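Note sheet for the following structure.
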Amino acid sequence: MSNIKDYKIATLGSHSALQILKGAKDEGFETIAICQKGRREPYEMFPVADQIIEVETFEDFFKIEEDLKKQNAILVPHGSLVEFVGPENIEKISMMHYGTRGIIKWESDRVKEREWLKKAGLKLPKIFKTPEDIDRPVIIKFHGAGGGKGYFLAKSPEEFYERYAKQGGDKKYVIQEYIVGVPIYSHFFYSKLTGQIEIMSFDKRYESNADSIGRIAAQDQMDVDIQTSYTIAGNIPIVIRESLLSKIIEMGKNVVKISQEIEPGGLFGPFCLEAVLDNQLEFYVFEISARIVAGTNPYTNGSPYTWLKYDVPMSTGRRIAREIREAIETGRLEEILN
Ligand code: AMP
């Protein structure tokens, strides 16, 4: 039997690293935080990293990769890693990497992403090819917008052009039907070892200024000409109406099933379906994250759902480490690295 003491868990110091590293330690691993210069303090304040390695640019990441390999470190990816290294460079990572790297190209390309979700039978918000087609409320999203900055709403072509001009009028965008409802982000874990899907938790985002506009009267909002924006500030836990769980489990299963058809190795480990639930209780999924999301951060100590299944506080970070530990101990590590 292989020993987990022969391995370490490494991740980039940002996003959900505190939870990933804490979870790895709880499962008995030594841990490494790779920190961008000037961002090491949280990983010193909270004792989750046995080692901190500093890098300045994403090229430096590839320079320290040799050292990480020598230490037999397994890299756990998250959203900031994809952003830092670049989706196009993820496939160049040659150290042990948890999860299917090939799936990243499906989640980071809006066209491919829609193809995947549609095949999985999910309902998606309609996409408008040109502003002239706008015939209902829409949300305009910019490509690569850091946390929803600058997104705006419109309900006609005229309104679109007027508001687009205010944004500089030169950014690439996508026009999506605006779904009136509540945002719900469902966090899953698909275990390659057991072949089972698990619901980990739910959250909604706390967005500036979308989440505070309602605190002032409509008249005041108009007087000061506020534009809605969706800059992420944090995450708020949700416990979902229990009768919705079957539908959510089915959506998760279908997404995994189709991923196996479209990409060798398929999707496994943590992932998230980002949706708006309307008042007919229909989920409109507008995005998938094929990795751990920061929305799992409120659950460092486990969620109401993981408490039903596990006898220890099980965060998503810890669930990843447990999967890696069990894979090592049963000689199946190769199956979960890619
Ligand atoms: P995103 O950057 O795509 O995650 O979207 C940022 C926020 O915009 C989400 O948290 C939702 O509150 C909202 N949002 C995104 N897409 C839609 C949509 N199609 N309809 C309604 N709200 C949306």
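Given the structure is predicted, the values throughout are model-derived calculations rather than measurements. Whatever order the structure lists ligands and atoms in, that order sets their numbers, starting from 1. Excluded from the calculations below are hydrogen atoms, water molecules and symmetry mates; all remaining heavy atoms, backbone and side chain alike, are included.
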Within 4.0 Å of some non-hydrogen atom of Lys141, the atoms of ligand 1 are 3 (O), 15 (C), 16 (N)
Arg114 meets the side-chain contact (heavy atoms from CB on, under 4.5 Å) criterion, sequence neighbours left out, with Lys118, Leu124, Ile127
Note: Lys204, heavy atoms under 4.0 Å from ligand 1, region reported as neither
At under 4.0 Å between heavy atoms, what of Tyr151 touches ligand 1? The answer is side chain
Using a cut-off of 6.0 Å, state whether more than 12 heavy atoms not belonging to Glu41 lie near its atom CD. no
Report task. Answer yes or no: does an N/O atom from Gln176 fall short of 3.5 Å to an N/O atom of ligand 1? Result -> yes
Per-atom filter on ligand 1: closer than 4.0 angstrom to a heavy atom of Pro125 are 19 (N)
Worksheet item: Has Lys171 got its NZ or CZ under 6.0 Å from the middle of the six-membered ring of Tyr173, at an angle within 45 degrees of the ring axis?
Response: no
Quick look: Tyr185 vs ligand 1, heavy-atom contacts under 4.0 Å, and the answer is side chain
**OP:** May I ask you to check whether Tyr230 has an N/O atom sitting below 3.5 Å from an N/O atom of ligand 1?
**Re:** no
Does atom CZ of Arg39 have more than 12 heavy-atom neighbours, drawn from other residues, nucleotides or ligands, at distances under 6.0 Å?
-> no
So ring-ring contact (aromatic ring centres under 6.0 Å, His included) across residues 239-261, not counting sequence neighbours, yields none
* Can you find an N or O of Arg205 that's nearer than 3.5 Å to an N or O of ligand 1? -> yes
For Glu177, the ligand 1 atoms with a heavy-atom partner under 4.0 Å come out as 18 (C), 19 (N), 20 (N)
Would you check the N or O atoms of Val276, main chain and side chain alike, for any that come under 3.5 Å of an N or O of ligand 1?
no
Side-chain heavy atoms of Met200 within contact of Tyr305, under 4.5 Å:
no
Between Leu193 and Ala327 the two heavy atoms that sit nearest each other are CD1-N, 3.7 Å
